[in-house]
Amino acid sequence: MAETLKLSLYDTMTREKREFVPTDPKRVTMYCCGPTVYSYAHIGNARAAVAADVLFRVLRHIYGEDHVEYARNITDIDDKIIVAAKEQGIDISEITTKFAKIYNDDLAALGCLMPTYQPHATEHMDDMVAMIEKLIVDGYAYESEGHVFFDVTKYDDYGKLSGNTLDQLKQGARVGEAEYARKKNAADFVLWKPSKEDDPSWDAPFGAGRPGWHIECSAMIKKTLTSEKYGETIDIHCGGQDLKFPHHENEIAQSNCAHNAPLANYWVHNGFLQMDAEKMSKSLGNVKLIHELLETWDGEVLRFALLSGQYRGELDWTDSLLKQAKNTLDGWYRILEQEGLEFISGNEPEDISLEAPVLSNRANCFLNYLCDDLNTVNVISELSQLKQNLSNGYDNGFDGSSPRIIPFSLKRKWNLLRSFVGTANLLGLLQKDPEEWFRGKAQEGGLTDAEIDGLIADRAQARADKDWGRSDEIRDVFANENIILEDGADGTTWRRG
RNA sequence: GGUACCAUGGCGGAGUGGUGACGCUCUGGAUUGCAAAUCCAGCCACCCCGGUUCGAUUCCGGGUGGUACCUCCA
C-alpha cells in the first residue's frame with residue numbers, strides 16, 4: 001500500500017474537492033451505474049466506464065488490488081428491453097445476454113478491467129422487493145393502483161445532490177395526467193409497477209409486476225457492497241452527470257430511508273461528450289457506437305482520446321481528437337520500439353559509468369497528478385515530456401544558472417522507461433507490442449502481410465539497382481493502401497498510417 | 001421558470017498572483033536517392049468591463065457567450 005499518496009476527489013454532494021478517506025482501507029468500495037442492455041453502447045457510455053476504470057486502477061494502486069471492491073450493474077429489465085424483445089419476437093434474456101456480452105467486450109477493447117461484481121437486476125428481485133416492503137412498512141412509500149411510489153416529502157434532503165428543492169422540481173415537473181392522478185406528489189417516483197399481460201413479471205406482496213428504474217441500484221449496492229459489519233454506506237458512487245437527477249437523487253432517498261444511513265460518502269460524476277457543440281445522446285440520434293469506432297480505431301486510441309480531457313469537463317468528440325490521440329500514442333510506442341521490450345522488462349542493468357546527477361524529478365510526479373481528482377491530462381503531458389527525454393537520451397534542466405544537458409546512464413534510462421511504461425499501463429495504455437501496434441489490423445481487401453513483404457523485397461532490389469522510378473512506384477502502391485515505409489539501417493519496416 | 005458547470009493559441013487541453021505547461025498541426029533547418037522516423041529552431045492564447053494589488057490569465061463583482069439537468073439518456 002502506498003500510504004503517502006493522498007487521493008482527492010471532487011464530490012458532487014459537497015461541490016468541492018475532498019481528500020478521499022475510505023471507511024476501511026482494507027476494503028474500499030465503489031459502485032458505478034452500468035448500462036441498460038438493449039442495444040450497442042456508445043462512446044459516451046464508454047467515457048463513464050473509462051473514468052470509473054481509472055478510479056478503480058488508482059484505488060487498487062493505493063490500497064492494493066485485493067482491497068478494492070467495484071460493482072457495476074447490468075440493467076436487464078426495462079421498457080426499452082421489452083419493446084426490443086417484442087419487435088424481434090424473442091425472450092428478453094436473449095437480448096440482454098447478447099448486449100451485456102458486447103458491452104463487456106467493447107470495454108475490454110478500451111482497456112477497462114472487469115469490475116469485482118457485475119450484478120444483474122433480474123437476479124436481485126428478492127432484494128428489491130424486500131427493500132420496497134420495508135419502505136412501505138416504515139411509511140416512506142405507498143401503494144396506489146398496483147403501483148408503489150416513494151413519497152419524496154418524507155425525505156427532507158431530497159434534491160440535495162442536484163441542488164434542487166421540491167418546490168423547484170414541481171415547477172419543472174412534466175408528468176402525464178394518468179400518472180399524476182396516482183401520485184401524492186408530482187415528484188414521487190415509482191418503485192414498482194404492474195406488468196402488462198405478456199410482459200415479464202415477478203411476484204411481490206404488493207402485486208405482481210416489475211421494478212422501477214431506481215430501486216435496483218440501491219438493492220444491489222446493499223447486496224454486493226454493504227454488510228452488517230461494514231455498514232450501509234459505500235465509499236464512492238459514480239456515474240454520468242445526467243444521473244444526478246433523478247436517478248441518484250432517488251437512490252439516495254430510498255437508501256437513506258430504508259437504512260437510516262448515507263448511501264455513499266463520495267459522489268463522482270463524469271461530464272458529457274459533445275458532438276458538434278451538442279451533447280451526444282440517444283434521443284438526438286447523434287451517437288457514435290463503440291462498436292463502430294473500433295472498426296476504424298484501436299481501442300487504445302479511443303481510451304487515450306477519452307483521457308485527454310479531465311473526466312468532469314465536457315469533451316468534444318471529433319475525428320481530429322482521435323487523430324491526435326493516435327499520433328501521440330505512435331510517439332509513445334516508438335519509445336518501446338526503439339528501446340525494446342526485452343530491455344524494459346528485464347532486470348535493472350549494471351552500470352559502471354558514474355551516475356549522472358538527476359535534474360528532473362519528473363518520474364515521481366505522475367501519481368500525484370493522478371491523485372488530484374484523476375488529472376489524466378497532466379499525466380499525459382508529463383509522459384509526453386518524459387517521452388521526449390527518452391527519445392533524446394538525456395535529461396535537461398537547470399543547474400544553478402546555466403542550462404545543462406546530461407546524458408542518461410543506462411541505469412537511469414532503464415528506470416525512466418519503467419516509470420514511463422508503468423504509468424502508461426496504470427492508465428490502461430501501452431498494453432500492446434509495438435510491432436503489433438504499428439502494423440495494425442489488415443483492412444478488408446487490402447494487402448496481406450506476405451504481399452507487403454514481397455513488394456518490399458522488390459523495392460529493395462530496385463533501390464540496390466538505383467532504379468528510383470521503380471522504387472517510388474512501389475512506395476506509391478503502399479501509399480494507396482495507407483501503408484508507410486521506413487528505410488532504416490537494418491532494412492525497411494512498414495506500418496499502417 | 002429553477003439549478004449546475006464552463007469560457008486559454010490553428011485544434012485539443014492543463015495550470016498559475018509576477019520568467020507564456022504539454023500534445024497535435026503548421027513553418028524553417030539537419031538528416032534522407034525521395035520519403036518516413038528522429039533531432040534542432042520558430043510561430044501562436046488566457047471572452048468583455050470594473051475592482052483588489054507594486055503586479056491578474058489567475059482573486060472579487062457585473063456583463064456576455066456556451067453547455068447540461070429539471071423527461072429515457074454516461
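Throughout, a chain's letter reflects where its sequence line sits, starting with A, and its residues are numbered from 1.
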To the nearest Å, how far apart are [X] [atom1] and [N] [atom2]?
X: A:Phe304; N: B:G12; atom1: CZ; atom2: P; value: 16 Å
X: A:Phe272; N: B:G66; atom1: CZ; atom2: P; value: 20 Å
X: A:Asn327; N: B:A37; atom1: CG; atom2: C1'; value: 13 Å
X: A:Trp267; N: B:C5; atom1: CH2; atom2: P; value: 18 Å
X: A:Asn250; N: B:C69; atom1: CG; atom2: P; value: 17 Å
X: A:His247; N: B:C73; atom1: NE2; atom2: P; value: 8 Å
X: A:Lys17; N: B:G15; atom1: NZ; atom2: P; value: 7 Å
X: A:Lys326; N: B:C11; atom1: NZ; atom2: P; value: 23 Å

Distance, [atom1] atom - from [M] to [N], rounded to whole angstrom:
N: B:U52; M: B:C44; atom1: P; result: 33 Å
N: B:C46; M: B:G9; atom1: C1'; result: 9 Å
N: B:G10; M: B:G61; atom1: P; result: 30 Å
N: B:G50; M: B:U64; atom1: C1'; result: 14 Å
N: B:U8; M: B:U67; atom1: P; result: 14 Å
N: B:U25; M: B:C60; atom1: P; result: 37 Å
N: B:C43; M: B:G51; atom1: C1'; result: 35 Å
N: B:C73; M: B:G62; atom1: C1'; result: 36 Å

Would you tell me if any nitrogen or oxygen in the side chain of [X] comes within less than 4.0 Å of OP1 or OP2 on [N]?
X: A:Trp213; N: B:C73; value: yes
X: A:Ser391; N: B:C39; value: yes
X: A:Asn392; N: B:C40; value: yes
X: A:Gln388; N: B:C40; value: yes

Using Watson-Crick or G-U wobble geometry with both distances under 3.5 Å, which nucleotide pairs with [N]?
N: B:G28; value: B:C40
N: B:C22; value: B:G12
N: B:C59; value: B:G51
N: B:C5; value: B:G66
N: B:C73; value: none

Any idea which of [options] is nearest the [X] side chain?
X: A:Asp472; options: B:G33, B:A74, B:G12; result: B:G33
X: A:Lys387; options: B:A21, B:U38, B:C72; result: B:U38
X: A:Gln274; options: B:U67, B:G12, B:C24; result: B:U67
X: A:Asp242; options: B:U67, B:C73, B:A21; result: B:C73
X: A:Gln324; options: B:G15, B:G12, B:C73; result: B:G12
X: A:Arg459; options: B:G12, B:C72, B:C34; result: B:C34
X: A:Leu315; options: B:A74, B:C34, B:G13; result: B:G13
X: A:Asn378; options: B:G15, B:A74, B:A4; result: B:G15
X: A:Arg475; options: B:A35, B:G12, B:A4; result: B:A35
X: A:Arg463; options: B:C72, B:C69, B:C34; result: B:C34

Atom of A:His147, atom of A:Lys193 and distance for their closest heavy-atom approach = CD2-CB, 3.8 Å
Distance-minimising heavy-atom pair for A:Ile82 and A:Ile92 | CA-CG2, 4.1 Å
If you draw the axis of the six-membered ring of A:Tyr333, does the NZ or CZ of A:Arg495 fall within 45° of it and under 6.0 Å from the ring centre?
->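 Cation-pi check for A:Arg495 and A:Tyr333: fails.
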Please determine if A:Arg47 forms a cation-pi arrangement with A:Tyr311, meaning its NZ or CZ atom is less than 6.0 Å from the six-membered ring centre and no more than 45° off the ring axis.
-> no
At under 4.0 Å between heavy atoms, what does [X] touch on the DNA or RNA strands: base, sugar-phosphate, or nothing?
X: A:Lys80; value: sugar-phosphate
X: A:His42; value: base
X: A:Gly44; value: base
X: A:Gln338; value: nothing

Do [X] and [Y] meet the criterion of a side-chain donor-acceptor pair at a distance under 3.5 Å?
X: A:Asn378; Y: A:Glu382; result: no
X: A:Asp11; Y: A:Thr14; result: yes
X: A:Tyr155; Y: A:Asn256; result: yes

Along RNA chain B (nearest heavy atom to each residue), the more 5'-positioned of A:Arg334 and A:Ser308 | A:Ser308
For A:Lys323 and A:Gly331, take the nucleotide of RNA chain B holding the closest heavy atom to each; which residue's nucleotide lies nearer the 5' end?
->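 By nearest-heavy-atom nucleotide position, the 5'-most residue is A:Lys323.
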Residue of the set A:His214, A:His269, A:His237 for which ring-ring contact (aromatic ring centres under 6.0 Å, His included) holds with A:His247 =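 The single option meeting the ring-ring contact (aromatic ring centres under 6.0 Å, His included) with A:His247 is A:His214.
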For the ring pair A:Phe99 and A:Tyr40, is the centre-to-centre distance below 6.0 Å?
->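 Yes - the distance between ring centres of A:Phe99 and A:Tyr40 falls below the 6.0 Å cut-off.
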Is the distance between the ring centroids of A:Phe149 and A:Trp192 under 6.0 Å?
-> no
hbond_proxy A:Thr318 side chain to B:G12 base (donor-acceptor, 3.5 Å cutoff) | no
Quiz item: A:Ser381 side-chain donor-acceptor pair to B:A14 base, under 3.5 Å |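 Check fails, no donor-acceptor contact within cut-off.
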Where along residues 481-497 of chain A does a heavy atom come under 4.0 Å from RNA chain B, residue by residue in number order?
->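 Result for residues 481-497 of chain A: A:Ile484, A:Leu485, A:Glu486, A:Asp487, A:Arg495, sorted by number.
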Plane angle bin for A:Phe245 and A:Tyr158 - parallel if under 30°, tilted between 30 and 60°, otherwise perpendicular = perpendicular
